[in-house]
Amino acid sequence: MPELPDVEVYRRRLVDATRRRRVDGVTVHDTQVLRGVGRRRLDSALSGARFVRTRRRGKTLYAVTSHGPHLRLHFGMTGDLVVRDDDEEVPAHTRVALRLSGGRRLLFVDQRRFGQVGVVDDVDDDIAAHDLGPDALDLDPAALGELLHGSSAGLKALLVDQSQVAGLGNIYTDEVLFHARLDPRSPAADVGNAGVRRLHRQLHRVLDRAVAAGADPRSMPRGWLIHRRTEDAECPRGNGPIRSFPVGGRRGYWCPACQDGRG
DNA sequence: GGCAATGTTAGCCG
DNA sequence: TCGGCTAACATTGC
């Protein structure tokens, strides 16, 4: 799940949960998700801190403290951020718990443990170190056009490349391309200016709508591809069967009848 | 049992 | 150098 909309939902949850509260300490249940820190350093770095603002770049979330270090979270394939009162039981697969003042905990839950919890001294340095491109929602149509037309990669391959655009993963790339009616397999550079504009518009429409749905697919419109990610499923527009194709070691889904490429 | 699943990363190849 | 592919990471569910 954790692509841009999910992480944006987690960001808002973190802001709500930590407002006017202090981190009293950190409990690490599983050190495997720690990145670049041990449990002692994570605890000492955050104990007593307040989060003064947050930043999200693509799928990476930062909670900024007044003097650093800052908390860095990446949710991998199955990461989640949940809030519990101290007297409530923690969910299965809770890996790290931030104990907050006022009897509440912010929990990093991650079944498959591909997620990452760490601290960084400087957010911009960390973004550079991970070679993250601009956030998908920060690209204006001109910048998006330049990105596409300057690339020799396939359209979907380009969009899921975090160093080019940060935030899109397998699911939402397919969704956006479906609504923009673009062929995911076509060369990015072949997308015409009308296609670039559609892509830009749908990028915002789909991601904003997904955030509004709390990133829960069940709350997303019935006409979305996300409900039909199966070979031979019926296209939501009724135009024909959904097909799949391989991209970067996973499967993409699209409607060949709707998504005719060009623009 | 086999296979695929939203993530990143390293290594290989052309 | 770049793009694309594979495997690895860990776990679950069909």
Side-chain angles (χ1 to χ4, degrees), chain A residues 1-11 29-36 56-62 72-82 91-96 108-118 120 126-133 135-136 147-178 184-191 206-207 210-211 213-220 224-233 242-254:
Chain A
M1 285 107 130
E3 299 184 31
L4 188 155
D6 310 79
V7 179
E8 177 59 21
V9 168
Y10 301 157
R11 188 190 70 77
H29 299 270
D30 188 323
T31 55
Q32 195 170 308
V33 298
L34 299 187
R35 222 35 60 94
R56 182 188 54 71
R57 179 69 150 258
K59 306 169 190 173
T60 308
L61 176 60
Y62 303 92
R72 173 185 189 273
L73 299 173
H74 192 286
F75 297 91
M77 297 261 270
T78 56
D80 193 3
L81 200 58
V82 314
H93 314 300
T94 296
R95 309 302 179 188
V96 176
F108 184 85
V109 180
D110 182 16
Q111 177 198 114
R112 282 170 69 180
R113 294 189 282 186
F114 289 174
Q116 309 171 2
V117 177
V120 299
D126 188 71
I127 289 170
H130 286 86
D131 195 22
L132 295 178
D135 190 84
L147 189 68
L148 264 56
H149 296 148
S151 169
S152 56
L155 181 53
K156 176 163 177 181
L158 173 72
L159 293 176
V160 297
D161 181 345
Q162 302 300 299
S163 70
Q164 301 300 308
V165 193
L168 298 173
N170 200 26
I171 302 259
Y172 287 103
T173 302
D174 284 353
E175 194 67 50
V176 168
L177 291 174
F178 173 73
R185 307 163 313 162
S186 66
D190 287 359
V191 177
V206 167
L207 296 177
V211 171
D216 182 347
R218 293 169 301 181
S219 303
M220 293 176 198
W224 280 22
L225 183 64
I226 197 166
H227 309 296
R228 310 286 175 92
R229 297 179 63 80
T230 319
E231 186 87 30
D232 291 331
I242 296 300
R243 299 289 183 209
S244 77
F245 61 100
V247 233
R250 30 182 47 87
R251 296 213 81 68
Y253 292 87
W254 68 306

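Any value given below was found using the heavy atoms of this structure, including those in side chains, with hydrogens, waters and symmetry copies removed. Letters A, B, ... are given to chains in the order of the sequence lines, protein chains preceding strands, and every chain is numbered from 1.
Summarising the geometry, the separation between CG on A:Asp110 and C1' on B:dA5 is reported as 14 Å, rounded to the nearest angstrom. If you take CZ of A:Phe75 and C1' of B:dT8, they are 15 Å apart, rounded to a whole angstrom. Atom-to-atom, CZ of A:Arg251 to P of B:dG7 comes out at 15 Å; the value is rounded to the nearest Å. Rounded to whole Å, the distance from CD on A:Glu231 to C1' on B:dC3 is 15 Å. Rounded to whole Å, atom C1' of C:dT1 lies 14 Å from atom CG of A:Asp131. To the nearest angstrom, C1' of B:dA4 lies 12 Å from CZ of A:Arg229. Atom-to-atom, CG of A:Leu168 to P of B:dG7 comes out at 10 Å; the value is rounded to the nearest Å. Rounded to an integer number of Å, the gap from A:Arg57 CZ to B:dT8 C1' is 17 Å.
Once rounded to the nearest 0.5 Å, the distance linking CG of A:Leu73 with CD of A:Gln116 reads 10.0 Å. Taken to the nearest 0.5 Å, the CG atom of A:Leu34 stands 8.0 Å off from the CG atom of A:Asp30. In this structure, NE2 in A:His74 is found 4.5 Å from OG1 in A:Thr60, a value given to the nearest 0.5 Å. Atom CD of A:Gln111 is separated from atom CE of A:Met77 by 10.0 Å, given to the nearest 0.5 angstrom.
Formation of a donor-acceptor pair under 3.5 Å by the A:Gln162 side chain with backbone atoms of A:Gly58 is not found in this model. Within the 3.5 Å criterion, the main-chain N or O of A:Val120 finds no donor-acceptor partner in the side chain of A:Asp126. A:Glu175 places a side-chain N or O within donor-acceptor distance of the main-chain N or O of A:Leu225, the cut-off being under 3.5 Å.
We find that the ring of A:Phe114 and the base of B:dT8 do not stack by the test of centres under 5.5 angstrom and planes tilted less than 30°.
Remark: A:Arg250 is in phosphate contact with B:dG7, judged by side-chain N or O atoms under 4.0 Å from OP1 or OP2.
Qualifying ring-ring contact (aromatic ring centres under 6.0 Å, His included) partners for A:Phe108, counting only residues two or more places apart in sequence or in other chains: A:Phe75.
Distance from the side chain of A:Lys59 is smallest for B:dT8 among the nucleotides C:dC9, B:dT8, B:dA5. Distances from the side chain of A:Met77 to the nucleotides B:dA5, B:dT9, B:dT8 place B:dA5 closest. With C:dA10, B:dG7, C:dT12 as the choices, the nucleotide that has an atom nearest any side-chain atom of A:Gln32 turns out to be C:dA10. Considering only side-chain atoms of A:Gln111, the nucleotide from B:dG7, B:dA5, C:dT12 that sits closest is C:dT12.
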Distances for protein N or O near nucleotides 2-5 of chain C N or O, under 3.5 Å:
{"unit_1": "C:dG4", "atom_1": "OP1", "unit_2": "A:Gly154", "atom_2": "N", "d": "3.2"}

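A salt bridge links A:Asp174 with A:Lys156: the distance from a Lys NZ or Arg NE/NH1/NH2 to an Asp or Glu carboxylate oxygen falls below 4.0 Å.
Annotated stems with DNA chain B as a participant read B:2-5 with C:11-14, B:7-14 with C:2-9, given as range with range, by first number; only runs of 3 or more Watson-Crick or G-U pairs under 3.5 Å qualify.
Taking the side chain as every heavy atom from C-beta outward, A:Asp135 and A:Leu4 approach each other to under 4.5 Å.
Comparing the P positions of C:dT1 and B:dT8 gives an interatomic distance of 23 Å, to the nearest angstrom.
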